[in-house]
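To start, the structure under review is shown below, and the notes come after it.
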Protein chains: 2
Amino acid sequence: MSSQRERAAFIDHLKSHGHRITGERLALFDEIFEQHRHVDAEELLAALHRKGHRISRATVYRNLDLLVACGLVRKQRLGQRRYLYEHIHAGQKHDHLVCRSCGRVVEFVSPGITAMQREICRAHGFSPDHHQFQILSLCAECVAASETQPSH
Amino acid sequence: MSSQRERAAFIDHLKSHGHRITGERLALFDEIFEQHRHVDAEELLAALHRKGHRISRATVYRNLDLLVACGLVRKQRLGQRRYLYEHIHAGQKHDHLVCRSCGRVVEFVSPGITAMQREICRAHGFSPDHHQFQILSLCAECVAASETQPSH
DNA sequence: ATCCTTGCAAACAGTTTGCAACCCT
DNA sequence: AGGGTTGCAAACTGTTTGCAAGGAT
């Protein structure tokens, strides 16, 4: 299991903040660190139930916020209605390319664009260190679909 | 009134699509073309009521979608829960810098970054022509606030 | 006189919250 | 034992929709 380090960090964070180590928290942690894509709360809940855990929806939401507070999970709206969550993995900061139609998410890394983002943030008095970046477009499938069947 | 051309285009669109020209539609059109910032449905509704129009929330939503279908209004989620609307003005395509904390929106134009976006879209099989681009960060005020009063 | 539009209220989707029972420590 | 945590259901926010009344053509 490659998330041993993060799991330990999570447990430390819980202890040092006077939070308790519960089965629900560990199960949720394990689930989101097993997922290698962007998932929403409902998907996590369903996956946990499928594995026999008796966790509730409210607990999933509450503890996702906790994981975000620990800095172990990223929570973001990627154009869609729902929040998407992803566990944070080691070094490389990536950004997101999102299909506006089907919601598909692709990660990308582009040093050049990162430098430009920083510059734009700086130019407008925004923090260059807290930026996050999204390109919303249409994936090939959805372009094809919209050409076959125009929207009106 | 600088939106005469668009107003005429709207009326033409209505006629040519068998839609009716109603007071509510024209009032909503005028309101969103008077606003020079990103507004949400609730703000538009409130502004219309303030001016004495008796339009309902449902009608605002329905006709905002219509304006989007005409290509006169842009509807997007900029990180926040609500959709934001802006009327489309003449030539320059701009992108958005959004404060993740207070929701403040700044428009920017950057030819260099546009070229890079296109390249990233192309590299991942997304449509370079339908892209839209957001940088989510923290504005100076919110950075200052979070330093004075850390989140926990 | 048509039949598209409107307003109202109810439905919806996703997330948050109040409260009593529960169970980590 | 004590108090943070859980599950349930209800509340909430923002948007959409069904339906009867109303109004543009």
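In what follows, chains carry the letters A, B, and so on, assigned in the order in which the sequence lines appear, proteins first and then strands, with residues in each chain numbered from 1. What you see is a predicted model; the values in this text were computed from it and never measured.
Rounded to whole Å, the distance from CG on B:D40 to P on D:dT13 is 14 Å. One atom, CZ of A:R81, and another, P of D:dG14, lie 13 Å apart when rounded to the nearest Å. We find that CG of B:L28 is positioned 15 Å from C1' of C:dG7, with the value rounded to whole Å. Here C:dT6 presents its C1' atom at 16 Å from CD1 of B:I21, a figure rounded to the nearest Å. Between A:Q80 atom CD and D:dG14 atom P the separation is 19 Å, expressed in whole Å. For the pair A:L44 CG and C:dG14 C1', the interatomic distance rounds to 14 Å; values are reported in whole Å. Atom CG of A:L67 and atom P of D:dT5 are 13 Å apart (whole Å). What separates NE2 of A:H19 from C1' of C:dC23 is a distance of 16 Å, to the nearest Å.
The side chain of B:R82 lies closest to D:dG14, out of C:dC8, C:dT15, D:dG14.
Below the 3.5 angstrom threshold, one finds a donor paired with an acceptor across the side chain of B:R20 and the base of C:dC3.
No side-chain donor-acceptor contact under 3.5 Å links B:H87 to the backbone of B:L72. Judged by distance alone, with hydrogens and angles left aside, the side-chain atoms of B:Q134 form a donor-acceptor pair with the main-chain N or O of B:R77 at under 3.5 Å. Distance alone, capped at 3.5 Å, is enough to place a donor-acceptor pair between the A:H131 side chain and the A:P128 backbone.
Between A:T22 and the phosphate of D:dT5, there is no side-chain N or O to OP1/OP2 separation shorter than 4.0 Å. OP1 and OP2 of D:dC8 both lie 4.0 Å or more from every side-chain N or O belonging to A:S56.
Residue B:K75 is in sugar-phosphate contact alone, with no base atom involved, counting any heavy-atom pair closer than 4.0 Å across all strands shown. Base engagement by A:R57 is indicated by at least one non-hydrogen atom pair under 4.0 Å involving a base atom. Within 4.0 Å (heavy atoms only), B:N63 reaches sugar-phosphate atoms of the nucleic acid but no base atom.
Side-chain atoms of A:T59 and A:L28, non-hydrogen and from C-beta on, never get closer than 4.5 Å to each other.
In terms of position along DNA chain D, the nucleotide closest to A:E24 lies nearer the 5' end than the nucleotide closest to the other residue of the pair B:G23 and A:E24. Sequence order on DNA chain D of the closest nucleotides to A:R25 and B:Y61 puts A:R25 first from the 5' end. Taking the nucleotide of DNA chain C with the nearest heavy atom to each of A:R62 and B:G18, the more 5' of the two is matched to B:G18.
For the residue pair A:E86 and A:H94, a side-chain donor N or O sits within less than 3.5 Å of a side-chain acceptor on the partner.
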